[in-house]
Number of protein chains: 2
Amino acid sequence: MSPSRATLIEVATLAETSKSSVSRFFGTERNKLSPALCERIERAAHTLGYRPNLMARGLKGGGSRLLGMLVADIRNPFSVALVHGVEQAARAQGYSLIVCNTDNDPALEQTQLATLAAYQVEGLVINASGQPEAPLQTLMHSGVPLVLLDREVNQLKADVIGLDNAQAIDMALDHLALQGYRSVLYVSESPTQASTRQARLIRFKQQARPRGLTRRTLLLDSLELEAVMPTLKAFAQSAGPTAVLCGNGNVTLALARGFQRLGLAMGQVGLMGIDELDWCALIAPGITTLAQPTDAIGAAAVTCLLNQLKGTTPATVIHRHAPRLLARGSTQRSPTLSSFTPEQANNP
Amino acid sequence: MSPSRATLIEVATLAETSKSSVSRFFGTERNKLSPALCERIERAAHTLGYRPNLMARGLKGGGSRLLGMLVADIRNPFSVALVHGVEQAARAQGYSLIVCNTDNDPALEQTQLATLAAYQVEGLVINASGQPEAPLQTLMHSGVPLVLLDREVNQLKADVIGLDNAQAIDMALDHLALQGYRSVLYVSESPTQASTRQARLIRFKQQARPRGLTRRTLLLDSLELEAVMPTLKAFAQSAGPTAVLCGNGNVTLALARGFQRLGLAMGQVGLMGIDELDWCALIAPGITTLAQPTDAIGAAAVTCLLNQLKGTTPATVIHRHAPRLLARGSTQRSPTLSSFTPEQANNP
DNA sequence: CTGTTAGCGCATTCAG
DNA sequence: CTGAATGCGCTAACAG
């Protein structure tokens, strides 16, 4: 009756055998059992609705079959997409995922890390909000496989998986240059804590001029409109066809608001963002974005983890995934508005 | 060195005491220990970096301190908001949350339910995608506290928490009527599986006419534009000031696309949705929505669960939470476009 | 107040 | 191929 209430012992007695055999049946040694016994156990387990207690299993050496994931901001659609990717891949490998959100709070981050460890997770996927070097160091030394997702952590020698930020910036600049823009404003949230933001910002500073683009940057401590307006307004009136490049989805949202507030026509002033969002195709004439392959990134993270588990530690690896350009009207200087449809905008 | 590697015994020996005392120190009986002992244990535990193994604790009677949550669609921002609410409340009570996504797949749902049970969660928050009556029944009988979130399950006598759907529909109809619309099209995803969709649909059918509104409904099997266009087009040309009411966020997105495709001016043809989304204030002239109090709903779920755990089972409860109206330009028949700003749109 | 004794449900030696 | 025995890390009576 109670699904997870039936124990190994009950199954064993009902099948008229011993605990060990039942244990083997549900473990990796089923092949070492006679077909007859397998049959009996199978039936007994089924009628009892038996399911192994994964906590007990985790206690011994069998492994908890649990993976942990730390997410900096679960309300960010991009993060959710990553969670989804990781969860799918984990399930495909027979693992479950316990997700902890940190709301970008470094203190919470430490707590959650401890919690995850307390549940004996076999591996950890970490999308850090801060720089929790110390706790992560100790975790690594305690032998828990670790993978950093989307954000690196200072001096932590661990696998890192995420977007190829350099390539992304290059693609964005190439696209903007090709569309005839000559002056680009790069807007990012404060890059002090997040390695990804730094990488993108640095690359932008390096690569804009070589493409003949005048560059400016705006670093935001807040995504409030007030923080954006003055710079945006001045920039929009400056020389050369101008375009704004947004460092992530949150920034894109903030700037879309800014454009609207100022009555700027997207395209006339270019707007482009990293991270694809539901509504980017919807805001006329469509916002051009670089979409991240979140499922692939999530899957790569799980693969990494499992590789570490299998002991075959092929040195520290850094996976850089390429983005996909979704070109839309917001980076088209002479929009053919009449023919625009969201469908077209989805297939560059 | 290893955070979760140090065991109760090691702490006990270092503190020159017994396992029981250490156990008590970390349990609920710390008060029954002498200050001196507490001090010694405290130090020992600290130098060893000891953290209780929650799996082992869960094995005995101490409880796993784990709550499980089943989510129908983790990529739906509304669902994520619920997860966030539940997780916050759980953490505040010293519980961790293990979240399983079902991608609206009934089969996956059963699997995930089994997984959750296997981890000995102390309670379950369920946002069902299908009608997994049987598995839930057995779970209930096995004594696991259960709470249904946003969606009921047929004949399952369990606490249900969510929006007050009747009130929501009434508020929407009142608002639309007040704004001068006379004919309303209600668009919903297929209501066969989800109780919430049924409740809203039924209420709409009951309450439209009493308010002097002509009513029509459109039930969607797919959110593709093709599924929406014909009806929308015909409806927009029908008599009386017309407005469209969307049953949830996904539908709102689909219809915003439809409006754009047809070149319909929002407001002239009204558009209103249940569920607030990032971009609703952004699409000019702003889409009017009913926002759900997701944090409150999540917190209520956890409270319910913990009540059941405490044994004080105050009969089956149904929490109905009131939505909040965010009136924007999409339900204003004579928009004052020039003065429109997103900020204003956020504060009705 | 504190230590001692049993298991929780399972995986894993080790013998048959 | 199979069963009996031991212990994972912890909590819960039970005695002092």
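Numbered from 1 within each chain, the chains take letters A, B, ... in sequence-line order.
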*Name all residues meeting the side chain to side chain donor-acceptor pair (under 3.5 Å) criterion together with B:Asn127; count only those two or more places apart in sequence or in a different chain, and write none if there are none.*
none
*If pairs are Watson-Crick or G-U with both distances under 3.5 Å, what is the dot-bracket string of DNA chain C, marking crossing pairs with [ ] and pairs to another strand with |?*
||||.|||||||||||
_side chain to side chain donor-acceptor pair (under 3.5 Å) involving B:Arg65 - partner list, sequence neighbours excluded_ = B:Tyr95
*Backbone N/O of A:Asn154 and side chain of A:Gln131: donor-acceptor pair under 3.5 Å*: yes
_Quick check against the 3.5 Å criterion: does B:Glu122 have a side-chain atom that pairs as donor or acceptor with the backbone of B:Ser64?_
yes
*Name all pairs fulfilling the ring-ring contact (aromatic ring centres under 6.0 Å, His included) condition that reach into residues 26-45 of chain B, sequence neighbours left out, sorted by first residue then second.*
B:Phe26-B:Tyr50
*Taking only residues two or more places apart in sequence or in another chain, which ones pass side chain to side chain donor-acceptor pair (under 3.5 Å) with B:Arg43?*
B:Glu39
*Pairs meeting criterion ring-ring contact (aromatic ring centres under 6.0 Å, His included) with involvement of residues 61-82 of chain B, two or more places apart*: none
*A:Ser21 vs D:dT2: side-chain N/O to OP1/OP2 distance below 4.0 Å*: no
_Any pair counted as side chain to side chain donor-acceptor pair (under 3.5 Å), so long as it reaches residues 22-38 of chain A, sequence neighbours left out_ = none
_Nucleic acid contacts - residues 31-42 of chain A versus DNA chain C, non-hydrogen atoms under 4.0 Å_ = none
_Residues that A:Arg91 engages under salt bridge (charged side-chain N to carboxylate O under 4.0 Å, His left out), provided they are two or more places apart_ = A:Glu87
*Please indicate whether B:Glu152 has more than 12 foreign heavy atoms, meaning atoms of other residues, nucleotides or ligands, lying under 6.0 Å from its CD.*
no
_Distance under 4.0 Å to a non-hydrogen atom of chain A counts as contact; along DNA chain C, which nucleotides mark the start and end?_
C:dG9 to C:dC14
_Across nucleotides 6-12 of chain D, 5' to 3', mark each nucleotide with B, S or - according to how protein heavy atoms within less than 4.0 Å reach it._
BBBBBBB
_Set of side chain to side chain donor-acceptor pair (under 3.5 Å) partners for A:Thr102, sequence neighbours left out_ = A:Ser129
*Looking at A:Leu124, A:Leu136, A:Thr115, A:Leu113, which hits side-chain contact (heavy atoms from CB on, under 4.5 Å) with A:Leu70?*
A:Leu113
